[in-house]
Amino acid sequence: MALLAEHLLKPLPADKQIETGPFLEAVSHLPPFFDCLGSPVFTPIKADISGNITKIKAVYNTDPAKFRTLQNILEVFLQSICDGERDESHPNLIRVNATKAYEMALKKYHGWIVQKIFQAALYAAPYKSDFLKALSKGQNVTEEECLEKVRLFLVNYTATIDVIYEMYTKMNADLNYKV
């Protein structure tokens, strides 16, 4: 779990204004998370997230003072694992968790072809035990210790993402097209 715990998002201030610089610094360490899934089939997802971070950084860097203050699949996926959700027939597979996260956060933005690509990618998902070992970066920790660190990560991450979604809603900035 060291991968996520090394770069925690800052707690939100009372005014819920997300400082862009520290936010970008923290989320720029999220793309390697997809390497923990152990398959190159997740490379397009990693590239998409990296590209989004790069785009936001480019805007921020044009005027850091102006853009001083400011996604969800990761949150739902990790929370689902922490909550113990699983396929009872195959308890060490994380397909149930990944599917839940995808359906809640991204499916509505994807057309039939991209949805089928995601379904195929699920078969490359690692076992839960291998995924947690990858998150722990080789440290000898128990599953429960790793999950506790995931829960710690989710505290500020969830609050931050909630504020971003609130902002999108207020600005009517939600995307209404599919890829």
Side-chain angles (χ1 to χ4, degrees), residues 1 3-4 7 9 18 20 23-61 67 70-135 147 150 153-154 157-179:
M1 189 49 230
L3 179 68
L4 295 177
H7 305 284
L9 288 162
I18 301 166
T20 308
F23 172 80
L24 288 170
E25 173 59 28
V27 298
S28 68
H29 298 281
L30 290 179
F33 159 84
F34 289 92
D35 296 334
C36 295
L37 296 173
S39 173
V41 76
F42 297 101
T43 301
I45 298 167
K46 179 181 173 182
D48 182 50
I49 291 171
S50 295
N52 291 338
I53 293 168
T54 300
K55 290 173 194 172
I56 295 169
K57 277 184 181 178
V59 171
Y60 172 71
N61 289 334
F67 299 112
L70 295 191
Q71 219 177 341
N72 177 329
I73 191 168
L74 178 62
E75 175 190 358
V76 174
F77 174 68
L78 292 175
Q79 189 64 56
S80 175
I81 289 174
C82 286
D83 291 346
E85 292 179 29
R86 63 184 182 185
D87 176 351
E88 292 301 326
S89 325
H90 303 94
N92 200 27
L93 295 179
I94 60 174
R95 286 187 205 137
V96 168
N97 313 101
T99 300
K100 178 179 180 179
Y102 176 76
E103 288 178 353
M104 289 181 70
L106 295 174
K107 186 175 181 178
K108 65 184 175 184
Y109 302 112
H110 293 159
W112 183 83
I113 292 174
V114 175
Q115 289 176 17
K116 295 302 176 192
I117 291 169
F118 174 80
Q119 288 175 348
L122 284 177
Y123 289 98
Y127 290 110
K128 177 182 173 184
S129 55
D130 294 335
F131 173 68
L132 294 176
K133 182 186 277 186
L135 280 180
L147 290 174
V150 170
F153 168 79
L154 285 170
Y157 183 83
T158 301
T160 302
I161 295 303
D162 287 348
V163 169
I164 290 171
Y165 277 110
E166 240 177 76
M167 179 182 67
Y168 281 179
T169 302
K170 284 180 184 175
M171 296 173 66
N172 198 23
D174 199 15
L175 300 176
N176 59 0
Y177 61 87
K178 295 185 178 196
V179 293

Peer 1: Can you tell me how far apart OG (Ser129) and CG (Leu93) are? Round to the nearest 0.5 Å.
Peer 2: 9.5 Å
Peer 1: If you round to the nearest 0.5 Å, how far is CG of Asp35 from NZ of Lys46?
Peer 2: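 Spacing of NZ (Lys46) from CG (Asp35) equals 3.5 Å.
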Peer 1: Could you tell me the separation between the NZ atom of Lys57 and the OG1 atom of Thr20, rounded to the nearest 0.5 Å?
Peer 2: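 The NZ atom of Lys57 sits 12.5 Å away from the OG1 atom of Thr20.
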Peer 1: So which atom in Lys128 and which in Ile81 form the shortest heavy-atom distance, rounded to 0.1 Å?
Peer 2: CE-CG2, 3.9 Å
Peer 1: How many angstroms lie between atom CG of Leu135 and atom SG of Cys36, to the nearest 0.5 angstrom?
Peer 2: 4.5 Å
Peer 1: Hey, is the main chain of Glu25 close enough, under 3.5 Å, to the side chain of Ser28 for a donor-acceptor pair?
Peer 2: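 Confirmed, Ser28 side chain pairs with Glu25 backbone.
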Peer 1: Could you tell me the separation between the OH atom of Tyr127 and the CD1 atom of Ile94, rounded to the nearest 0.5 Å?
Peer 2: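 Answer for the OH-CD1 pair, Tyr127 versus Ile94, is 11.5 Å.
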Peer 1: Closest heavy-atom contact between Pro126 and Phe131?
Peer 2: CG-CB, 3.9 Å
Peer 1: Quick one: closest heavy-atom pair of Leu154 and Gln79, and the distance?
Peer 2: CD1-OE1, 3.3 Å
Peer 1: State whether the number of non-hydrogen atoms from other residues, nucleotides or ligands found under 6.0 Å of His90 atom NE2 is greater than 12.
Peer 2: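 At most 12 heavy atoms, drawn from other residues, nucleotides or ligands, come within 6.0 Å of this atom.
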Peer 1: Which distance, rounded to the nearest 0.5 Å, do you find between the CG of Asp87 and the CG of Asn92?
Peer 2: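 The CG atom of Asn92 is 11.0 Å from CG of Asp87, to the nearest 0.5 Å.
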Peer 1: In a check of side-chain contact (heavy atoms from CB on, under 4.5 Å) between Tyr157 and each of Val150, Leu78, Leu9, Asp162, which one passes?
Peer 2: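 Of the listed options, the one satisfying the test is Leu9.
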Peer 1: Identify the two heavy atoms, one from Phe153 and one from Leu30, that lie closest to each other, and give their separation to 0.1 Å.
Peer 2: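 Smallest interatomic distance, heavy atoms only, reads CZ-CD2, 4.0 Å.
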Peer 1: Of the non-hydrogen atoms in Phe34 and Ile49, which two are nearest, and what is the gap between them?
Peer 2: CE1-CD1, 3.2 Å
Peer 1: Where do Gln115 and His110 come nearest, in terms of heavy atoms and distance?
Peer 2: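 In this case the closest contact between Gln115 and His110 is NE2-O, 2.8 Å.
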